[in-house]
Amino acid sequence: MIAAIDKTFDETIQLIKEFDTTQLNDELDYFGLNRTKRQIFLLLADHITHHRGQMLVYMRLNGLVPPRYVLFQ
C-alpha cells in the first residue's frame, strides 16, 4: 500500500512541476461542471487528504505504525 501511494505521489509531484501555471484559469468539464484547473488542483489536494486519513486509520486499526508524513512540512 505504501509503495503504491509513494508511486502516485511521485507521479503527481512530477505533473505539478511540469504544469504551466499560466493555464490555472483555463476551464474544463469536470464531471459535468465547469471548473478551472486551479479548482481541480484544490480538489485533488482535498481528495488526497481524505484518502490519506482513511489509510492512516486503517493502518492503526491493524496494529501498524504509519510512516511519518513529511512531504509538505
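Here the structure is a predicted model, which means the values were calculated and not measured.
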A.B. asks: Taking the side chain as everything from C-beta on, heavy atoms only, tell me whether L33 gets closer than 4.5 Å to D29.
C.D. replies: no
A.B. asks: Let me confirm one number: the CG-NZ distance from L24 to K37, rounded to the nearest 0.5 Å.
C.D. replies: 8.5 Å
A.B. asks: If two hydrophobic side chains count as joined below 4.5 Å and joins carry through other members, does M59 share a cluster with F9?
C.D. replies: yes
A.B. asks: Measuring only between side-chain heavy atoms, which start at C-beta, is I16 closer than 4.5 Å to I13?
C.D. replies: no
A.B. asks: With a 4.5 Å cut-off on side-chain heavy-atom distances among I, L, V, M, F, W and Y, is there a chain of contacts connecting I48 to F41?
C.D. replies: yes
A.B. asks: Could you pull out the closest heavy-atom pair between E27 and N34, with the gap in Å?
C.D. replies: OE1-CB, 3.8 Å
A.B. asks: If you take all heavy atoms of P66 and L64, which pair is closest and at what distance?
C.D. replies: CD-O, 3.4 Å
A.B. asks: Could you tell me if the side chain of L28 sits less than 4.5 Å from the side chain of T36, heavy atoms only?
C.D. replies: no
A.B. asks: When you compare the side chain of D20 with that of Q23, does any pair of heavy atoms fall below 4.5 Å?
C.D. replies: yes
A.B. asks: Do the rings of H50 and H47 sit parallel, tilted or perpendicular, given the 30° and 60° boundaries?
C.D. replies: tilted
A.B. asks: Any chain of hydrophobic side-chain contacts (each under 4.5 Å) joining L43 to F19?
C.D. replies: no
A.B. asks: In Å and rounded to the nearest 0.5 Å, what is the CG to CD distance from D6 to E11?
C.D. replies: 11.0 Å
A.B. asks: Taking the side chain as every heavy atom from C-beta outward, state whether Q39 and Y30 have any atom pair closer than 4.5 Å.
C.D. replies: no
A.B. asks: Side chains of N25 and R38: closer than 4.5 Å at any heavy-atom pair?
C.D. replies: yes
A.B. asks: What distance separates L42 CG from L44 CG, expressed to the nearest 0.5 Å?
C.D. replies: 9.0 Å
